[in-house]
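The shown structure was predicted, so the numbers you read here are calculated from the model rather than taken from an experiment. Every number for a ligand or one of its atoms is a count from 1 in the order of the listing.
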Amino acid sequence: MTGATDIVSDGQTTYLLRNGDPIQTRVTGIGCSLSSFIAATISDSRPGEEIVAVIAAISAFNVAAEKANAEPKPAGPASWAVRFLDILATGPQSGFETDVKIEEIIV
Ligand SMILES: Nc1ncnc2c1ncn2[C@@H]1O[C@H](COP(=O)(O)OP(=O)(O)OP(=O)(O)O)[C@@H](O)[C@H]1O
Ligand SMILES: Cc1ncsc1CCO
């Protein structure tokens with residue numbers, strides 16, 4: 001489930017991912033793009049580690065989304081989307097480890 005908090009679960013462990021920016025809701029197709037990004041990342045994961053791939057994909061996508069809306073702010077959703085794609089295309093961002101917000105809940 002995605003939104004301000006993204007919820008990922010394998011039925012035993014649940015992860016709450018709190019990155020992202022509300023501007024993502026103003027560009028149509030961002031959710032679909034995220035689904036494709038997750039699928040691509042899973043396809044490159046080790047068997048049994050798919051949930052790690054899902055978490056990594058969402059977090060990388062959403063940290064990039066935040067960076068694309070950082071100062072100096074883009075003029076609006078269209079400029080944000082272009083900047084977002086440029087940041088995603090450059091791959092893992094420096095500072096990713098400190099930017100990422102993940103909470104693990106074991107039920
Ligand atoms: N309020 C929010 N704050 C931060 N990030 C958000 C917020 N709402 C959605 N997101 C992020 O936006 C991305 C897409 O989620 P969303 O639920 O908006 O997709 P969607 O409505 O299915 O999109 P679409 O139908 O346009 O493809 C996810 O990465 C999610 O984390
Ligand atoms: C169906 C569809 N077409 C363009 S965007 C969209 C919603 C999923 O992103």
What about Cys32: any of its N or O atoms under 3.5 Å from an N or O on ligand 1? yes

Would you please test Val54 and Thr41 for side-chain contact (heavy atoms from CB on, under 4.5 Å) and show each step? CA-CA 7 Å; Val54 175; Thr41 309; over 6 Å; no

Among protein heavy atoms, which lies nearest atom 13 (C) of ligand 1, and at what distance? Gln24 NE2, 3.5 Å

Worked verdict on Ile102 versus Leu16 for side-chain contact (heavy atoms from CB on, under 4.5 Å): CA-CA 6 Å; Ile102 300 177; Leu16 306 179; over 6 Å; no

Can you tell me which residue pairs pass the salt bridge (charged side-chain N to carboxylate O under 4.0 Å, His left out) test with a partner in residues 59-78, sequence neighbours excluded? Lys67-Asp99

Does CD in Gln12 sit with more than 12 non-hydrogen atoms of other residues, nucleotides or ligands closer than 6.0 Å? no

Supply the atom-to-atom distance Ile23 CD1 to Arg83 CZ, rounded to the nearest 0.5 angstrom. 9.5 Å

Among all the protein's heavy atoms, is there at least one whose distance to atom 3 (N) of ligand 2 comes out below 4.0 Å? no

Does Arg18 have any salt bridge (Lys or Arg N to Asp or Glu O under 4.0 Å) partners at least two apart in sequence or in another chain, and if so, which? Glu103

Tell me which protein heavy atom sits closest to atom 29 (O) of ligand 1, plus the residue, atom name and distance to 0.1 Å. Asn62 OD1, 2.7 Å

Let me see the working for Thr13 and Tyr15 under side-chain contact (heavy atoms from CB on, under 4.5 Å), right down to the final yes or no. CA-CA 7 Å; Thr13 309; Tyr15 299 87; 3.5 Å; yes

Polar atom proximity, Gly29 to ligand 1 (N or O, under 3.5 Å): yes

How long is the straight-line distance from CD1 of Ile105 back to OG of Ser9, given to the nearest 0.5 Å? 9.0 Å

Return yes when atom CG of Asp10 has more than 12 non-hydrogen atoms of other residues, nucleotides or ligands closer than 6.0 Å, and no otherwise. yes

Can you name the atoms of ligand 1, numbered from 1 with element, that are less than 4.0 Å from a heavy atom of Ile30? 13 (C), 14 (C), 26 (O), 27 (O)

Could you verify whether a donor N or O on one side chain and an acceptor N or O on the other, from Gln24 and Asn69, lie under 3.5 Å apart? no

Would you check if Phe96 and Ser59 make a side-chain contact, meaning some heavy-atom pair closer than 4.5 Å? yes

One finds that the ligand 1 atoms under 4.0 Å from a non-hydrogen atom of Gly20 are 4 (C), 5 (N)

I need the contact type for Thr2 against ligand 1. Using non-hydrogen atoms and a strict under-4.0 Å cut-off, is it side chain, backbone, both or neither? both

Going by the 4.0 angstrom heavy-atom rule, the piece of Leu17 near ligand 1 is neither

Geometric N/O contact Gly31 with ligand 1, under 3.5 angstrom: yes

Closest protein heavy atom (residue, atom, distance) for atom 2 (C) of ligand 1: Ala4 CA, 3.5 Å

Is at least one protein non-hydrogen atom found at under 4.0 angstrom from atom 7 (C) of ligand 2? yes

For Thr28, counting its heavy atoms only, list the atoms of ligand 1 lying under 4.0 Å from any of them. 26 (O)

Tell me whether Asp6 has any N or O atom under 3.5 angstrom from an N or O of ligand 1. yes

At what distance is the nearest protein heavy atom to atom 9 (O) of ligand 2, and which residue and atom is it? Cys32 SG, 2.3 Å

Under 3.5 Å between any N/O of Thr25 and any N/O of ligand 1: does that happen in this structure? no

Any atom of ligand 1 sitting under 4.0 Å from a heavy atom of Ile58? no

Heavy-atom nearest neighbour in the protein, as seen from atom 28 (C) of ligand 1, with distance rounded to 0.1 Å: Leu34 CD2, 3.6 Å

Per-atom contact, atom 25 (O) of ligand 1, protein heavy atoms, under 4.0 angstrom: no

Please state which protein non-hydrogen atom is closest to atom 10 (N) of ligand 1 and give its distance, to 0.1 Å? Gly3 O, 3.5 Å

What protein heavy atom sits nearest atom 5 (S) of ligand 2, and how far off is it? Thr28 CG2, 3.5 Å

From the list Asn62, Ile55, Asn19, side chain to side chain contact (heavy atoms under 4.5 Å, CB included) with Asp6 holds only for Asn62

Name the orientation class of the two ring planes belonging to Phe61 and Phe37 (parallel below 30°, tilted from 30 to 60°, perpendicular beyond 60°). tilted

For atom 5 (N) of ligand 1, what is the nearest protein heavy atom, given as residue, atom name and distance? Asp21 N, 3.3 Å

